[in-house]
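Reading through the structure tokens given below for one structure.
Note that ligands are numbered from 1 as they come in the structure, with each ligand's atoms numbered from 1 the same way. Atoms considered below: every heavy atom in the structure, side chains included; atoms not considered: hydrogens, waters and symmetry mates. Numbering of residues begins at 1 and proceeds along the displayed sequence.
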Amino acid sequence: MKTLIRNGSVVTPQGIQAMDVLVDGEKIAALLAPGATSDSLAGSVDRVIDAAGKYVVPGGVDAHTHMELPFGGTFASDTFETGTRAAAWGGTTTIIDFAVQRYGERVQDGLATWHAKAGGNCFVDYAFHQIIGGVDDDSLKAMDELVDEGITSFKLFMAYPGVFYSDDGQIVRAMQQATHNGSLIMMHAENGIAIDVLVAQALARGETAPIYHGLTRPWETEEEATHRAIMLARMTGAPLYIVHMSAKQAVQTLQEARDLGLNVFGETCPQYLYLSLEENLGAPGFEGAKWVCSTPLRSRAEGHQDELWRYLRTNDLSIISTDHCPFCFKEQKELGINDFSKIPNGIGSVEHRMDLIYQGVADGKLSVERWVELCSTTPARMFGLYPRKGAIAPGSDADIVVYDPNGHTSIGLEKTHHMNMDHSAWEGFEIDGHVDVVMSRGTVLVDEQGFHGTKGHGQFLKRDLSQYLI
Ligand code: URP
Ligand code: ZN
Ligand code: ZN
């Protein structure tokens, strides 16, 4: 099967160029200057896609999703089937999900469970990070084994004592192991011990509404943990990637470390760029539960959102992922109706990331090249998938999105999205752009006719070590 994508503007972090893209089988075969060569090929290919007036960009790489994550006595509501279908609709053609080892379990068993959940069920390609919920001799040894199996990054938690939490000694040991095997430590940087005290005190005062989730996780708890994680990484020589950053003070600390030349990186998510403590977590009644996630949404009055956009421009924040962790309102978010600490933490966004961040381009906050870099190319390089993913180049997988900057997307209620959720955290968002065509390894999943993907098309990706580390 050969496809020619014609008349579009190919966008990479390096620039925008009028190029036609020839796809042969699962790979990009050539980039052609529009004109005679391309004209002569058009008659011999199986399909021609006209991308006139549109951007041709590498498929999105969402480096932070949680399909079916066990959390707070329930499970994230998207399966790999529903979640990767929704991802495809939104122009994301690779996800990196988190396999889970809980305290007392073998790491290899946690990984095997994740392979069983995802295998044969995905519409787009997928890879795994591994959550280490119990650092001990066995799990440290397992880290080396997993690196050989293409799981080259490990998430630790400074939050959630008694669930996923690692103490400083455990963090040091895991970082030392990462230094030895070349993998990347990903950190959930919040001081969970301090937070648990604040939570108990708030509940004792009768403060049970969703906004107290945010008020009991003040920016200091994120900044302190970020600083501590950076110091432990510096001490052990481990590279560090801090996930879902929301507090401007924490990113400033990260920026200072990067300016010293430390190998530390930061990720943020659309919710921290657009939503806020006051407007969303503080919505009347129990409504704010829709936006309970950790780290929490931050105050707009304090200006976190604008600062995060700025840090994206300066590359102190290098990646935008979703931290897609959806829960339905009925029976899931409602678990915390009388106690905010029982609201399962997470927001569903895997379908909307490319659009939401494109809106940043339309609003003049990012360049179109930076959109591609933040949402596709850098995640691919950070997590050892480049140039197979994240590139429009000969030899790369033909994961391609044709994006219409003159189109429009309205994000509505559950009927208009494909994630397995009974509400949308993004209801009412209007996007000045539209995902027109989505191709995964040469197969068109989405076009003007609708959805053509097949369950099982998505393959497991064995990842190399991060390409940002030496
Ligand atoms: O609220 C969140 N972020 N839920 C998912 C788990 C995590 O910490 O990433
Ligand atoms: Zn986390
Ligand atoms: Zn997460």
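Inspection of the environment of the Zn ion (ligand 2) yields the following protein N, O or S atoms under 2.8 Å: Lys155 NZ, His188 ND1, His244 NE2.
Nearest to the Zn ion (ligand 3), among the N, O or S atoms that His64 has, is NE2. Atom NE2 is the N/O/S atom of His66 found closest to the Zn ion (ligand 3).
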Distances only, to 0.1 Å: what are the N or O pairs between ligand 1 and the protein that fall under 3.5 Å?
unit_1	atom_1	unit_2	atom_2	d
ligand 1	1 (O)	Ser294	N	2.8
ligand 1	1 (O)	Asn345	O	3.4
ligand 1	3 (N)	Ser294	O	2.7
ligand 1	3 (N)	Asp323	OD2	2.6
ligand 1	4 (N)	Asn345	O	3.0
ligand 1	8 (O)	Lys155	NZ	3.4
ligand 1	8 (O)	His188	ND1	3.0
ligand 1	9 (O)	His66	NE2	3.1
ligand 1	9 (O)	Lys155	NZ	2.9
ligand 1	9 (O)	Asp323	OD1	3.2

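Interatomic distance, Leu385 CG to Gln467 CD, rounded to the nearest 0.5 Å: 7.5 Å.
No side-chain donor-acceptor contact under 3.5 Å links Ser349 and His324.
Of the listed residues (Phe71, Tyr103, Tyr165), just one forms a ring-ring contact (aromatic ring centres under 6.0 Å, His included) with Tyr160, and that residue is Phe71. For the side chain to side chain contact (heavy atoms under 4.5 Å, CB included) with Trp219, the lone residue among Lys248, Glu224, Glu302 that qualifies is Glu302.
For the side chain to side chain donor-acceptor pair (under 3.5 Å) test, residues two or more places apart in sequence or in another chain that qualify with Ser321 are Glu267. Considering only residues two or more places apart in sequence or on other chains, Arg441 meets the salt bridge (charged side-chain N to carboxylate O under 4.0 Å, His left out) condition with Glu26, Asp125.
The side-chain tip of Arg381 points at the ring of Tyr468 from less than 6.0 angstrom away and within 45° of straight on.
By the neighbour-count criterion of 12 heavy atoms within 6.0 Å, atom NE2 of His457 is densely surrounded, having more than that number from other residues, nucleotides or ligands.
Counting heavy atoms from C-beta outward, Asp399 and Met439 have side chains that stay 4.5 Å or more apart. With a 4.5 Å cut-off on side-chain heavy atoms, Phe265 and Leu469 count as touching.
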